[in-house]
Amino acid sequence: MNNQFYFINAFSKEKFKGNPAAIVFMNKNRSDAWMISLAEELNQPITTFIEPKGGNSYQLRWFTPAEEIDLCGHGTLGAAHILWSEGFTSSESAITFHTHAGILQSKLSNQQIILKFNVKESTETKLTEKLKRVIQFPIKDAAWAEDRYILELENQDMVHKAVPNLGAIKELDGPGVIITSIGSGKYDFVSRVFAPKIGINEDYVTGSAHCALASYWGNRLNKKEFMAYQDSKRGGELKLKIIGEKVELIGDCITLLQGELYN
């Protein structure tokens with residue numbers, strides 16, 4: 001049997017919305033060089049490689065077209081979706097993923113996928129000249145969330161219209177930067193994510209960023225549950241729930257394409 005691969009759209013119920021990913025189900029060991037080359041060839045924001053470990057446990061690794069990363073929310077959502085929808089795992093069973101970021105868990109509830117990740121705590125930080133160069137609008141507040149900056153703007157119209165200075169972002173610590181503001185209507189907050197260092201100028205919907213945004217907006221809004229929207233070109237929405245030191249990311253996923261990789 002050849003390696004199966006799938007193209008999915010995560011954090012969306014609609015085709016060509018949300019965040020696309022390639023999901024590759026591995027049936028034999030492959031070198032890191034092979035996985036990096038395939039991710040570059042498929043040229044999706046993320047390529048997720050799934051390797052069975054027995055029972056409902058799987059090894060997950062994620063690659064951008066440029067490099068391997070330690071954590072990817074939409075790549076994990078896509079992996080869980082494929083495992084259940086293609087019958088690799090019973091939809092009645094929870095799934096355990098072994099990753100560089102530790103053990104991750106996923107389950108189905110009312111046809112939506114629930115991922116449980118660690119919360120990324122955020123702390124206010126000084127607004128430096130480097131941070132001011134990231135976008136053209138005034139920055140209301142800045143925070144450091146373990147491995148990346150969060151920059152809060154005055155309103156969601158600014159978030160929507162912001163033009164990132166990709167060169168300035170590359171000079172910052174961490175893989176990228178999050179811009180965000182309080183939302184309106186059904187959304188508690190909105191955001192966008194820029195990560196040129198890892199080959200993604202703007203990510204469409206970023207699960208790992210919402211592990212940080214949940215903490216950030218939880219402190220400001222004094223809430224534990226949120227509806228969030230990532231205002232990228234494709235857009236996507238996430239339900240979030242903070243439970244202790246974990247955050248549940250709840251979203252939808254659809255499959256666009258499946259095929260086989262030879263040799």
Check against side-chain contact (heavy atoms from CB on, under 4.5 Å), F137 and I179: CA-CA 11 Å; F137 292 124; I179 64 170; over 6 Å; no

CA sep, side-chain torsions, deciding dist, call: L221, I182, side-chain contact (heavy atoms from CB on, under 4.5 Å): CA-CA 9 Å; L221 301 177; I182 197 163; 4.0 Å; yes

From CA spacing to verdict: side-chain contact (heavy atoms from CB on, under 4.5 Å), T76, T48: CA-CA 8 Å; T76 307; T48 301; over 6 Å; no

Residue pair R30, K28: steps toward the side-chain contact (heavy atoms from CB on, under 4.5 Å) verdict: CA-CA 6 Å; R30 295 287 191 175; K28 63 181 178 180; 3.3 Å; yes

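Summarising the geometry, atom CD1 belonging to I114 is positioned 11.5 Å from atom CD belonging to Q105; distances are rounded to the nearest 0.5 Å. Annotation: the span from K130 atom NZ to N165 atom CG amounts to 12.5 Å, rounded to 0.5 Å. Distance check: K224 NZ to L240 CG gives 13.0 Å after rounding to the nearest 0.5 Å. Here the CZ-CD distance, from F189 to E152, works out to 11.0 Å after rounding to the nearest 0.5 Å. Rounding to the nearest 0.5 angstrom, the gap separating the CG atom in L71 from the CD1 atom in I69 is 7.0 Å. Here T64 contributes atom OG1 and I198 contributes atom CD1; the two are 5.5 Å apart, rounded to the nearest 0.5 Å.
Here the side chain of Q44 pairs no donor or acceptor atom with the backbone of F7 at under 3.5 angstrom. Distance alone, capped at 3.5 Å, is enough to place a donor-acceptor pair between the T180 side chain and the V190 backbone. No side-chain donor-acceptor contact under 3.5 Å links E146 to the backbone of A212. Without hydrogens or angle criteria, D188 side chain to M227 main chain gives a donor-acceptor distance under 3.5 Å. Put simply, the side chain of E124 never gets that close to the backbone of D141: no donor and acceptor are under 3.5 Å apart. A donor-acceptor pair under 3.5 Å is absent between the side-chain atoms of R192 and the main chain of S232, judged by distance alone. Remark: side-chain polar atoms of K120 are not paired, donor with acceptor, to backbone N or O of S208 under 3.5 angstrom. With S215 contributing its side chain and S122 its backbone, the two residues share a donor-acceptor pair below 3.5 Å.
No side-chain N or O of S181 forms a donor-acceptor pair with one of Q156 less than 3.5 Å apart. Under the 3.5 Å distance criterion, with hydrogens and angles disregarded, a donor-acceptor pair is assigned to the side chains of Q112 and D252. No side-chain N or O of S85 forms a donor-acceptor pair with one of Y6 less than 3.5 Å apart. Counting only N and O atoms by type, the side chains of W84 and S106 include no donor and acceptor under 3.5 Å apart.
The closest side-chain heavy-atom distance from L83 to F97 is below 4.5 Å. Counting heavy atoms from C-beta outward, Q258 and E86 have side chains that approach closer than 4.5 Å. Side-chain atoms of I46 and H74, non-hydrogen and from C-beta on, do get closer than 4.5 Å to each other. Side-chain atoms of T89 and Y58, non-hydrogen and from C-beta on, do get closer than 4.5 Å to each other. N9 places none of its side-chain heavy atoms less than 4.5 Å from the side chain of E14. Counting heavy atoms from C-beta outward, I135 and L153 have side chains that approach closer than 4.5 Å. The closest side-chain heavy-atom distance from L77 to N19 is not below 4.5 Å. When side chains are defined from C-beta on, H210 does not count as touching V247, because their heavy atoms never get closer than 4.5 Å.
Nearest heavy atom pair, residue I50 against residue A79, reads CD1-CB, 3.7 Å.
At a threshold of 4.0 Å, the pair E154-K161 does not count as salt-bridged, since none of the basic side-chain nitrogens sits closer than that to a carboxylate oxygen. With respect to E202 and K233, no salt bridge is recorded, no charged nitrogen being found less than 4.0 Å from a carboxylate O.
Checked options H98, E51, E68; the residue passing with R61 is E68 (criterion: side chain to side chain donor-acceptor pair (under 3.5 Å)). If you run side-chain contact (heavy atoms from CB on, under 4.5 Å) between L104 and each of T99, L115, N118, T96, only T99 comes through. Residue E237 forms a salt bridge (Lys or Arg N to Asp or Glu O under 4.0 Å) with just one option from K17, K186, K13, and that option is K186.
Under the 30°/60° scheme for interplanar angles, the aromatic rings of Y149 and W144 are found to stand perpendicular.
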